[in-house]
Amino acid sequence: MMRSHTCGELRPTHAGHHVELCGWVDTVRDHGGLIFIDLRDRHGLAQVVFDPRDSQEAWDTAQATRSEYVIRIAGVVEPRPADMVNAKLPTGGIEVRASRIQVLNRSQTPPFPLDDEEAGKVAEDLRLTYRYLDLRRPLMQQRLAKRHAIVLAARRYFDRHGFVEVETPILTKSTPEGARDYLVPSRVCPGTFFALPQAPQQYKQLLMMAGLDRYVQIARCFRDEDLRADRQPEFTQIDVEMSFIEQEDILTLVDGLVASICEAAGRPVPSLPLPRMTYAEAMSRYGSDKPDLRFGMEISDLSAIFRGSAFKVFAGAVEKGNVVKAINAKGLAGVPIRVMDEWTVLAKDAGLAGLAFIRVQDDGTWKSPIVKFFSDAEKEALRAALDIRVGDLVLFAADAPDRVHTLLGRLRLLAGGMAGVVKDDTFAFTWVTDFPLFEKTEEGGLQSMHHPFTSPNPEDLPLLDSDPAKIRARAYDIVLNGVELGGGSIRIHDPAVQQRMFQALGIPDAEIEDRFGHLIRALSFGAPPHGGIALGLDRLVMLMVGATSIRDVIAFPKTQKAMDLMMNAPAAVDARQLRDIHIRLAGIE
RNA sequence: GGGGACGUAGCUCAAUUGGUUAGAGUACCAGAUUGUCGAUCUGGGUGUUGCGGGUUCGAGUCCCGUCGUCCCCGCCA
């Protein structure tokens, strides 16, 4: 061992101990006589003092050290006099009087400052290019450590509940109906390709058919789609599957998992069970299938109030079977015209004719282009429905329900952010259940909202031929602060139902056999009822540590163009490698 | 694929309407300095204004293109 202690652990109780420390030079304060070096490692910071009267040789070396040099020192722990204690440091009660110093390695001047306060402002591409330096920062190390603690808590939780962790293949088969796949050419089988898994979905179901009963995996997943602050091309899921269970069992299991993880992350543990709402309710009240419940501003249905109104735009909408809904953006009566214009553009982009509004002025009067059409009774009903008060801004939308919900849901988030009513320190979990089984494709066909192995709600099965869009799935998402943390479903275990589902999705029989034959066959060999869920670990950790991007909780993340700036990946390969895998490049300048 | 923001010293930023030698803080280098802990003091500018074109007497500033980073929409079963 090159060290007797870490830099963060020495206390006044160590006084008189002879210690050896290793670490990086954080700062040097040279007083001509005394030299102070703050020595840093993952565990903390310790002040080391060099006095030429102790060792001229050590003092000379210390004077030549610079930021980020790696050094090893030996010395004696001394308590600091009361007036020299540094209350900001856990080790501030002591210092090490050094008798020896060894420079283990020198360092160039870092390309950006490594203290958390300054580095937080540095351009992210620079941090990513020198990620190993960025990760030296205490904040980044804390985040990685917390990620570890969360994964450990999850593994312990699942172990306690009898789960077995199984690794599934990274080289697998393309499933074109999902996200775009990352492909890997086969050398041995010319002209064929593996795909990296978008999720271990089929494998985990097959493990249920294998009788594994309770499966978990901290699984890496790959999707070749455009990136966002909360989306990376490779990411990690806590992937779970169980046999002989119902939806309720999964929800209860994950409730407990979430509580364990919050505890491990040092966050307030939510009271269980976590709140639940249906998809229909989430859309109707929050205009989103991942509602942010940290604030109100819920969507109110005003259709009944405006049925037959003198205001023909609203009355006409109701007449046609559309809806009139609104949110009360409390306190935002003063938003600039510019913002209202932007929001009106959003409304038009969403397919609506426009965005109606009421500003409630300081004297209580309503400033609005439309209130002159409202009767006194309608105004009173409005006031009651939306709790309208001085300073409020009411935003109306009248159109088909899905358009209205999408728009008002989006405006609700913008308004909430602008009004500053979103409490950062609050954790608002919710389950969203009863998702639709299908959604419409651009071509007018059907596609699975979750995935094609999702079980329909048995009550709705008769609708499969008549009105498939109305079928509810036994599918559920867990949402935290408006972020989709994870989702899952009860799966189809009847091969006949699975076959019908593929047919409903319009997949030709030959293709069903080609792509899913193995699964249907497996279902026919005594598949147990089963279901599961997958939770996005990166997003979970992001929220637990208060980061705003999952890049901040991934050691080596990729940029928006899916590049690794440190490794310079992806990169061209040489001709021989291409020949080996039977690939010829075409059409690349 | 689309919309938006940004790109000036190692880093974070400034630079009037297009106008003199592109500045500040910090970092860095040199010297001083025996109780600092964001040490201090003195001195030093270290620059292909992302890149390529264009307009102009004159471009960091205006125009076109391009590259890169970020945010959003589409996309993400």
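Chain A is the first sequence line, chain B the second, and so forth, proteins listed ahead of strands; every chain is numbered from 1.
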Stepwise side-chain hydrogen bond (donor to acceptor under 3.5 Å, both in side chains) check, A:Arg410 with A:His405: CA-CA 8 Å; A:Arg410 196 167 283 181; A:His405 292 154; over 6 Å; no
Tell me: CG of A:Leu413 to P of B:C73, nearest whole Å? 10 Å
So, do A:Phe502 and A:Phe516 have ring centers that fall under 6.0 Å from each other? yes
B:A39, B:C71, B:G10: which one has an atom nearest the side-chain heavy atoms of A:Arg29? B:A39
Taking the inter-plane angle between the rings of A:Tyr132 and A:Tyr130 on a 0 to 90° scale, is it parallel (under 30°), tilted (30 to 60°) or perpendicular (over 60°)? perpendicular
Select from A:Met449 and A:Asn86 the residue whose nearest nucleotide in RNA chain B is closer to the 5' end of that strand. A:Asn86
Name the residue from A:Val48, A:Leu39, A:Asp26 that meets the side-chain contact (heavy atoms from CB on, under 4.5 Å) definition with A:Cys7. A:Leu39
Carboxylate-amine/guanidinium contact A:Arg551 A:Glu124, below 4.0 Å: yes
Within this structure, what is the CD-to-C1' distance between A:Glu225 and B:G1, rounded to whole angstrom? 12 Å
Quick check: any donor-acceptor pair below 3.5 Å linking the side-chain of A:Arg228 to the base of B:C70? no
Length of the line joining A:Gln63:CD and B:U34:C1', which is rounded to integer Å: 13 Å
Can you tell me, in whole Å, how much space there is between the P of B:G74 and that of B:U56? 45 Å
Suppose we call two aromatic rings close when their centres sit under 6.0 Å apart. Are A:His5 and A:His14 close by that rule? yes
Which nucleotide in B:C76, B:C72, B:C37 has an atom nearest any side-chain atom of A:Gln560: B:C72
Length of the line joining A:Leu126:CG and B:C11:P, which is rounded to integer Å: 6 Å
Quick test: give all pairs of protein nitrogen or oxygen and nucleotides 30-32 of chain B nitrogen or oxygen below 3.5 Å, distance rounded to 0.1 Å.
| residue | atom | partner | partner atom | Å |
| --- | --- | --- | --- | --- |
| B:A30 | OP2 | A:Arg66 | NH2 | 3.4 |

Closest to the A:Met84 side chain, choosing from B:C37, B:C71, B:C75: B:C37
More than 12 heavy atoms of other groups within 6.0 Å of A:Lys290 NZ: no
Per A:Arg231 side chain, nearest of listed nucleotides B:C76, B:C37, B:U69: B:C76
Which is true for A:Thr454 with a 4.0 Å heavy-atom rule: it touches a base, it touches only sugar-phosphate, or it touches nothing? nothing
Enter the distance from A:Ile71:CD1 to A:Ile101:CD1 here, rounded to the nearest 0.5 Å. 4.0 Å
How many whole angstroms separate atom CG of A:Leu114 from atom C1' of B:G38? 15 Å
In whole angstroms, how far is the P atom of B:G1 from the CG atom of A:Asp349? 20 Å
Regarding the side chain of A:Asp226, the nearest nucleotide among B:C75, B:U34, B:C37 is B:C75
Could one point to a donor on the side chain of A:Asp115 or the base of B:G38 with an acceptor on the other under 3.5 Å away? no
Counting just side-chain N and O atoms, does A:Arg127 come under 4.0 Å of either OP1 or OP2 of B:U12? no
Are A:Lys88 and B:G38 close enough that a side-chain N or O sits under 4.0 Å from OP1 or OP2? yes
Quick note, A:Glu95 side chain, CB onward, closest among B:U12, B:C70, B:U36 is B:U36
Would you please confirm or rule out a distance under 4.0 Å between OP1 or OP2 of B:U69 and any side-chain N or O of A:Thr559? yes
Spacing of A:Arg80 atom CZ relative to B:C37 atom C1', expressed in whole Å: 7 Å
Answer yes or no as to whether B:U36 has its base stacked against A:Phe36, where stacking requires a ring-centre separation under 5.5 angstrom and planes under 30 degrees apart. yes
Between A:Phe112 and A:Asp230, which is nearer to the 5' end of RNA chain B once each is assigned its nearest nucleotide? A:Phe112
Does A:Lys121 have a side-chain nitrogen or oxygen under 4.0 Å from the phosphate oxygens OP1 or OP2 of B:C13? no
Going by centres under 5.5 angstrom and planes under 30 degrees, do the aromatic ring of A:His31 and the base ring of B:A39 stack? yes
Among B:C73, B:C28, B:C70, which nucleotide sits nearest the side chain of A:Arg410? B:C73
Confirm from the modelled atom types if A:Glu118 and B:U26 form a donor-acceptor pair under 3.5 Å, side chain to base only. no
Roughly how far, to the nearest 0.5 Å, is the CG atom of A:Leu537 from the CG atom of A:Asp239? 12.0 Å
Which of these nucleotides, B:U69, B:U33, B:C72, is closest to any side-chain atom of A:Ala229? B:C72
On the nucleotide B:G38, are OP1 or OP2 found under 4.0 Å from the side-chain N or O atoms that A:Thr27 carries? no
Rounded to whole angstroms, how far apart are CG on A:Asp125 and P on B:U12? 9 Å
Do A:Arg97 side-chain and B:G35 base share a donor-acceptor contact under 3.5 Å? yes
